[in-house]
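The analysis underlying the following values was restricted to heavy atoms, covering all of them including side chains, and did not include hydrogens, waters or symmetry mates.
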Amino acid sequence: MTTTTDTFADALGGLGDTEWDRLADGRFYSSALWLRICALDPGSLSGGLHVETPGGGRAAIPVAAVTDEPTPDLRWHDMLSARGLPAPEPGGLLIGQRRGYLAHLLTSEGTDRTEAAAAVLDAVRALRSPLHEESKIARVAMYLTTEDVGALRAAGVRTAPVALKTDAWIEIPPGGYPAWLESLSAHRARRIRSEIRKFEKAGYEVERRTLAESWQDVARLLARSLLRYGRTVDVAPMAESFRKQGELAGSRAEVALCSRPGEPPVGFCLYYRWGDTVYLRGLGLDHDRLASAAEYFNITYYMAARLPGVRRIHAGTETAEGKALRGAKLRPLWLLDLSEGSPLAGYDEEIREHNRALFTRLRDSSPAVSDALGYELWEPYC
């Protein structure tokens with residue numbers, strides 16, 4: 001196994017975009033574009049670890065050297081401690097990307113996945129952080145799929161994976177929006193039609209623009225939305241971040257702006273089109289100006305389902321029931337400590353107990369969520 005270039009040379013570890021995307025194979029959150037967008041964030045150093053395997057294949061995974069991670073859902077020490085589990089020290093190497101909670105082990109076509117995982121695992125454990133003096137630091141993979149956890153465990157990881165969240169995917173049949181409605185139960189389809197009628201009756205219109213054209217509205221509305229939840233943010237740096245993202249992404253980053261004729265927008269949904277999949281990335285609403293007309297659902301799921309050629313909507317984490325009621329399937333995402341001498345070693349039963357408790361809470365939270373859970377994806381680690 002050999003590392004092909006300096007992991008922290010840039011967001012792709014020195015690989016060209018085309019070569020990296022060949023490994024990513026359509027996985028947007030592991031794509032060259034998305035990793036370059038992640039690298040715009042201050043406070044860490046993004047990289048791309050890629051290795052050759054003994055069988056002549058290639059494997060890769062995004063990595064980031066982090067110190068004081070500002071995103072709560074990436075603070076592995078806090079998240080594990082809150083679950084009553086042993087936790088690696090804060091800071092170290094995040095195996096995965098810093099935005100978009102979905103990480104993948106990438107392999108070239110025909111490469112054995114266990115062999116690829118073993119090569120990546122060796123490289124991760126040998127990797128030095130450019131932000132830390134010590135070599136004995138945490139090396140934590142977050143938001144992995146069940147498949148990739150299985151490959152890394154088969155390759156030699158001895159710690160058990162910790163369930164973090166559910167990942168929601170909505171399938172749109174070949175017939176598009178009408179076929180999607182038909183695929184739902186009669187009750188759910190009636191609810192969606194009612195919410196669309198309410199939205200239209202309120203006089204709303206939805207205009208689609210690129211992020212490069214609408215970053216100021218996006219920043220303003222997101223700040224208004226966060227204020228509702230007690231978070232006051234400085235709009236200027238947030239707007240600058242969206243401006244840079246829009247400049248880099250070009251036509252890939254689209255924004256649905258919701259407004260009444262002649263009035264400023266009251267809401268937005270930021271999303272990316274990647275092949276036949278829509279990745280929902282952000283939402284902001286000026287709640288004081290809303291008409292209680294199901295604005296959230298109309299400018300996210302219903303907007304996306306009506307886009308031409310869309311076959312899947314990636315709705316991400318959180319609000320499991322709302323997504324399940326609209327036909328989403330919920331897949332588990334996991335934390336797996338890849339560190340040698342992990343503090344989680346020997347706590348398999350405690351970890352499984354946590355995983356079972358999370359699964360049970362989700363299963364019992366509503367019939368819709370229970371139906372949406374992929375039971376076979378939870379079973380190996382519960």
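Rounding to the nearest 0.5 Å places CZ of R197 at 11.5 Å from CD1 of I192. We find the CG-CE distance between L280 and M303 to be 6.5 Å, quoted to the nearest 0.5 Å. Between the CZ atom of R22 and the CZ atom of R58 there is a distance of 9.5 Å, given to the nearest 0.5 Å. For the atom pair CG of L373 and NZ of K329, the computed distance is 9.5 Å after rounding to the nearest 0.5 Å. One distance of note links CG of L49 with CG of L12; it measures 12.5 Å at 0.5 Å rounding. Residue E240 holds its CD atom at 10.0 Å from CG of L40, rounded to the nearest 0.5 Å.
With salt bridges taken as basic N to acidic carboxylate O contacts below 4.0 Å, one links R260 and E263. Between E349 and R356 there is a salt bridge, with a side-chain nitrogen of the basic residue lying less than 4.0 Å from a carboxylate oxygen of the acidic one. With salt bridges taken as basic N to acidic carboxylate O contacts below 4.0 Å, one links R36 and D17. Using a cut-off of 4.0 Å between Lys/Arg side-chain N and Asp/Glu carboxylate O, R312 and D276 are scored as not salt-bridged. Taking 4.0 Å as the cut-off between side-chain N and carboxylate O, K136 and E340 do not count as a salt-bridged pair.
Side-chain contact check for R208 versus L307: some heavy-atom pair is nearer than 4.5 Å. P130 places a side-chain heavy atom less than 4.5 Å from the side chain of L45. For the pair I299 and V206, the minimum side-chain heavy-atom distance is below 4.5 Å. Within the 4.5 Å cutoff, no side-chain heavy atoms of Q97 are placed close to those of S46. Between E115 and P54, the closest side-chain pair of non-hydrogen atoms falls below 4.5 Å. A heavy-atom distance below 4.5 Å is not found between the side chains of V120 and D122. Between P86 and Y347 the shortest side-chain heavy-atom distance falls below 4.5 Å. Here the side chains of D21 and E19 are not in contact, with every heavy-atom distance at 4.5 Å or above.
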| Derivation of the side-chain contact (heavy atoms from CB on, under 4.5 Å) call for L285 and R224 | CA-CA 7 Å; L285 297 167; R224 291 289 299 169; over 6 Å; no
| query | Does the pair K323 and T166 meet the rule for a side-chain contact (heavy atoms from CB on, under 4.5 Å), with working shown? | reply | CA-CA 11 Å; K323 294 166 183 175; T166 57; over 6 Å; no
| request: Starting from the C-alpha separation in whole Å, work towards a yes-or-no answer on side-chain contact (heavy atoms from CB on, under 4.5 Å) for V63 and L94. | output: CA-CA 6 Å; V63 298; L94 168 67; over 6 Å; no
| field | E207 and R209: CA distance, side-chain angles, deciding distance, side-chain contact (heavy atoms from CB on, under 4.5 Å) verdict | value | CA-CA 7 Å; E207 178 186 5; R209 299 182 190 171; 3.1 Å; yes
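Here the side chain of W76 pairs a donor or acceptor atom with the backbone of E89 at under 3.5 angstrom. Using a distance-only test at 3.5 Å, with no hydrogens or angles considered, a donor-acceptor pair links the side chain of E295 to the main chain of A293. The closest donor-acceptor contact from the side chain of S365 to the backbone of L362 lies under 3.5 Å. Judged by distance alone, the side chain of T300 and the main-chain N or O of Y296 form a donor-acceptor pair under 3.5 Å. Remark: side-chain polar atoms of H104 are not paired, donor with acceptor, to backbone N or O of R27 under 3.5 angstrom. Using a distance-only test at 3.5 Å, with no hydrogens or angles considered, a donor-acceptor pair links the side chain of N355 to the main chain of Y381. In this structure a side-chain-to-backbone donor-acceptor pair under 3.5 Å is present from T210 to E213. The backbone N or O of L131 lies less than 3.5 Å from a partner atom in the side chain of S129, making a donor-acceptor pair. H132 places a side-chain N or O within 3.5 Å of a backbone atom of V66 that can act as its donor or acceptor partner. Put simply, the side chain of R83 gets close to the backbone of M79: a donor and an acceptor are under 3.5 Å apart.
For the residue pair T111 / S108, a side-chain donor-acceptor distance below 3.5 Å is found, with atom types taken as modelled. A donor-acceptor pair shorter than 3.5 Å cannot be found between the side chains of Y272 and E254. There is a side-chain donor-acceptor pair under 3.5 Å between R326 and Y302. Side chain to side chain, S44 and R98 meet the donor-acceptor criterion of an N or O pair below 3.5 Å. Checking D217 against W215 by side-chain atom types alone, no donor-acceptor pair falls below 3.5 Å.
The environment of E353 atom CD is sparse: at most 12 non-hydrogen atoms of other residues, nucleotides or ligands sit within 6.0 angstrom.
Using cut-offs of 30° and 60° on the angle between ring planes, the pair W378 and F359 is tilted.
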Considering only distance and modelled atom types, tabulate donor-acceptor pairs under 3.5 Å from the side chains of residues 137-156, sequence neighbours left out.
from : atom 1 : to   : atom 2 : distance (Å)
R139 : NH1    : V124 : O      : 2.8
R139 : NH1    : L127 : O      : 2.5
R139 : NH2    : L127 : O      : 3.4
R139 : NH2    : S135 : O      : 2.5
Y143 : OH     : D73  : O      : 2.6
T145 : OG1    : D148 : N      : 3.2
T146 : OG1    : W334 : NE1    : 3.0
T146 : OG1    : L377 : O      : 3.0
D148 : OD1    : R113 : NH2    : 2.2
D148 : OD2    : L105 : N      : 2.9
R153 : NH1    : T159 : O      : 2.8

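Nearest heavy atoms, I351 versus A160: CD1-O, 3.7 Å. Of all the heavy atoms in L33 and A249, the pair that sits closest is CD1-CA, 3.9 Å. The shortest non-hydrogen separation linking S30 to W20 is O-NE1, 2.7 Å. Here the closest heavy-atom approach between residue S81 and residue A87 is recorded as OG-CB, 3.8 Å. In plain terms, the two heavy atoms of P264 and R220 that are nearest each other are CB-NH2, 4.3 Å. Residue I313 comes nearest to A304 through the heavy atom pair CD1-CB, 3.7 Å, listed as atom of the first residue, atom of the second, then distance.
Ring-centre distance between H314 and Y29: below the 6.0 Å cut-off. Between Y279 and W34, the distance separating the two ring centers is not shorter than 6.0 angstrom.
Hydrophobic clustering, with ILVMFWY side chains joined whenever heavy atoms are under 4.5 angstrom apart, keeps Y101 apart from L93. Under a hydrophobic-cluster definition in which Ile, Leu, Val, Met, Phe, Trp and Tyr are linked whenever side-chain heavy atoms come within less than 4.5 Å, directly or via other members, V255 and L283 are assigned to different clusters. When the side chains of ILVMFWY residues are joined at heavy-atom separations under 4.5 Å, either directly or via intervening members, I172 and L184 end up in a single hydrophobic cluster. Under a hydrophobic clustering in which Ile, Leu, Val, Met, Phe, Trp and Tyr are joined whenever their side-chain heavy atoms come within less than 4.5 Å, directly or via other members, F28 and Y271 fall into different clusters. Cluster membership check: L290 does not share its hydrophobic cluster with L257, using side-chain heavy-atom separations under 4.5 Å among Ile, Leu, Val, Met, Phe, Trp and Tyr.
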